[in-house]
Amino acid sequence: MEKKTLVAVAGAVATSLFAVTKGRERLRLSRAKHRSLGGHVRMAKRVAGQIPYYSHPEERFFRADGCDDAVAARRRDGFRRLSELYAERFPTTLALTAETRDGLSDLQFTGRYRVPFPFAEVVRARLPVGAFVARTEGVWLIDLDGNRLIDCTGSYGVNLFGNDFYKDTLREAVVTAEPLGALLGAYHPVVADNVRRLRALSGHDEVSFHMSGTEAVMQAVRLARYHTGKRRLVRFAGAYHGWWGDVQPGIGNPLPADHTLTLAEMSEEALRVLATRQDIACVLVNPLQALHPNASAPSDGQLVNSARRAGTDLDAYARWLHRLAETCSANGIVLIADEVFVGFRLAPGSLLRRVGVEPDLITWGKTLGGGLPVGVLTGRAALMKRWRDDRPVDICFARGTFNAHPYVMAAMDSFLRRLETRPVQALYDGLDAKWDARAAQLNAALADEGLPVSVANLSTIWTVLYTRPSRYNWMLQYYLRAEGLALSWVGTGRLIFSLDVDDTLFDEIVRRFVAAARAMQADGWWSGPAVSDKQLRRMALRESLRARLGR
Ligand SMILES: Cc1ncc(COP(=O)(O)O)c(C=O)c1O
């Protein structure tokens with residue numbers, strides 16, 4: 001054969017080998033994606049872009065599941081009573097909320113997404129939720145009208161030890177930091193203390209301070225890319241890691257995150273991808289997902305039926321984390337444990353370390369700030385280094401004006417010193433068992449009355465599940481508020497308890513919760529025709545299609 005021909009044949013063979021390898025890689029990747037839309041973020045974004053706005057007029061609002069006239073009338077009466085009760089009970093709080101809404105984007109956003117959007121207009125007009133609180137007294141929130149509500153919001157996870165605990169850390173921080181005021185750049189001496197304690201807690205060599213969990217995650221990923229020379233970041237379906245674009249590749253982010261791979265969690269296929277690809281810099285894991293692997297943070301705004309599922313098997317999740325860590329380590333991938341949410345909540349430090357996994361980097365935040373905004377990254381020295389000895393100009397930049405702010409550092413110091421005390425350490429003894437028993441207590445009380453509601457939990461982090469298909473489960477949040485249980489804007493999707501909730505108060509929470517569900521049942525919201533969740537989803541899809549066709 002001529003030399004030219006040989007070269008051409010070799011080229012063709014190489015091209016087809018490359019194509020085969022690429023094809024195999026693609027196939028492996030597609031198998032490692034979770035089958036839900038949460039596992040296919042681009043597709044989810046495309047679908048989201050096609051869903052038109054429509055709103056149920058009052059007449060349809062009460063019978064969107066095709067219920068009969070009698071049930072619709074019960075719902076209408078219940079809704080009116082609830083609406084009158086809110087107006088009577090929360091006048092000042094609601095007036096200030098209404099006055100502020102137009103100028104506060106966040107308030108407009110949360111107000112819009114408390115319930116599925118076709119129902120939102122009527123709910124916003126008739127059942128507005130107050131956004132203001134005058135003060136806290138332990139687990140009680142007191143609004144501008146003097147109403148006392150039990151705090152089930154957990155302040156997005158920050159409130160672990162109770163509102164009073166953070167009042168103490170903040171008070172102490174003001175005294176400690178006051179001599180420096182807002183001096184930045186130079187450190188308050190408590191920084192040295194924080195570094196020492198965080199090194200011990202994390203088992204890591206170094207610490208960096210940031211202003212939010214989002215920023216700590218950004219820095220962790222940036223360092224992983226810098227040191228591995230690779231671009232790809234892997235996150236798992238549904239897992240939240242803050243609102244930076246690269247960790248929020250789907251709905252919510254206007255740009256595609258081209259370097260992010262979203263894989264299925266607790267999946268052999270995902271491990272195969274991690275073991276074979278050579279372009280992955282890091283894997284981010286959020287152990288909160290142990291409560292609902294591959295599902296996103298549940299919010300009542302998405303409750304179109306009763307398909308929400310959750311339940312924790314911490315042993316199985318720990319086994320997964322071990323295998324994940326082994327795979328990452330074998331293939332030179334940086335394992336980042338994002339413990340911004342669960343850090344300190346299930347253990348006096350890292351949950352991954354509690355189950356025997358040593359991540360390369362850990363991000364921390366929320367409660368660690370002792371009540372002030374913070375993000376922290378800890379890691380091995382080789383990964384935390386922001387320069388190269390042999391290429392001094394090729395640095396990995398990270399700053400932030402308010403990093404290591406004296407007041408934040410002082411509040412963190414107060415938090416960490418309290419964490420070491422006996423009474424606080426004792427709170428962790430039998431913690432999971434205690435909260436599992438409390439979830440079982442509530443579930444038994446709900447089952448005793450035949451109410452179609454139950455809860456699932458990861459220690460103090462709870463979510464409400466619905467056991468009978470319904471389009472109206474999101475109404476429960478309004479009955480719970482009427483019973484004096486304060487919820488965050490995601491409603492029954494996430495309840496977060498602080499560790500100062502004692503047995504007596506918990507009994508009271510159970511009583512109120514059951515009363516709310518009972519009232520909702522009496523008002524007919526769960527009395528629609530017997531349909532499956534699948535049929536309810538189809539019903540919503542048909543509505544959507546009709547709206548799209550302009551009917
Ligand atoms: C696991 C996790 N990572 C990161 C973040 C972002 O933290 P922040 O809201 O402080 O930016 C959050 C916030 O909820 C979180 O839960």
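Counting convention: from 1, in listed order, for ligands and their atoms alike. Sequence positions, counted from 1, serve as the residue numbers for this chain. These numbers come from a predicted model, not from an experiment.
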Check: residues 343-351 side-chain donor-acceptor pairs under 3.5 Å, at least two apart:
residue : atom : partner : partner atom : Å
R345    : NH1  : T460    : OG1          : 2.9
R345    : NH1  : F497    : O            : 2.9
R345    : NH2  : G157    : O            : 3.1
R345    : NH2  : N159    : O            : 2.9
S350    : OG   : E339    : OE2          : 2.6
S350    : OG   : L352    : N            : 3.1
S350    : OG   : R353    : N            : 2.9

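- Counting only N and O atoms by type, the side chains of T260 and D246 include no donor and acceptor under 3.5 Å apart.
- The contact shell of ligand 1, taken as protein residues with any non-hydrogen atom closer than 4.0 angstrom, comprises S212, G213, T214, Y240, H241, G242, N286, D338, V340, F341, K366.
- Across H259, R235, K45, R42, a single residue satisfies side chain to side chain contact (heavy atoms under 4.5 Å, CB included) together with P249, and that is R235.
- Between atom CH2 of residue W244 and atom CD of residue Q219 there is a gap of 10.0 Å, rounded to the nearest 0.5 Å.
- Within a 6.0 Å radius of CZ in R196, more than 12 heavy atoms belonging to other residues, nucleotides or ligands are found.
- The minimum heavy-atom distance linking V501 with R438 is given by the pair O-NH1, 2.9 Å.
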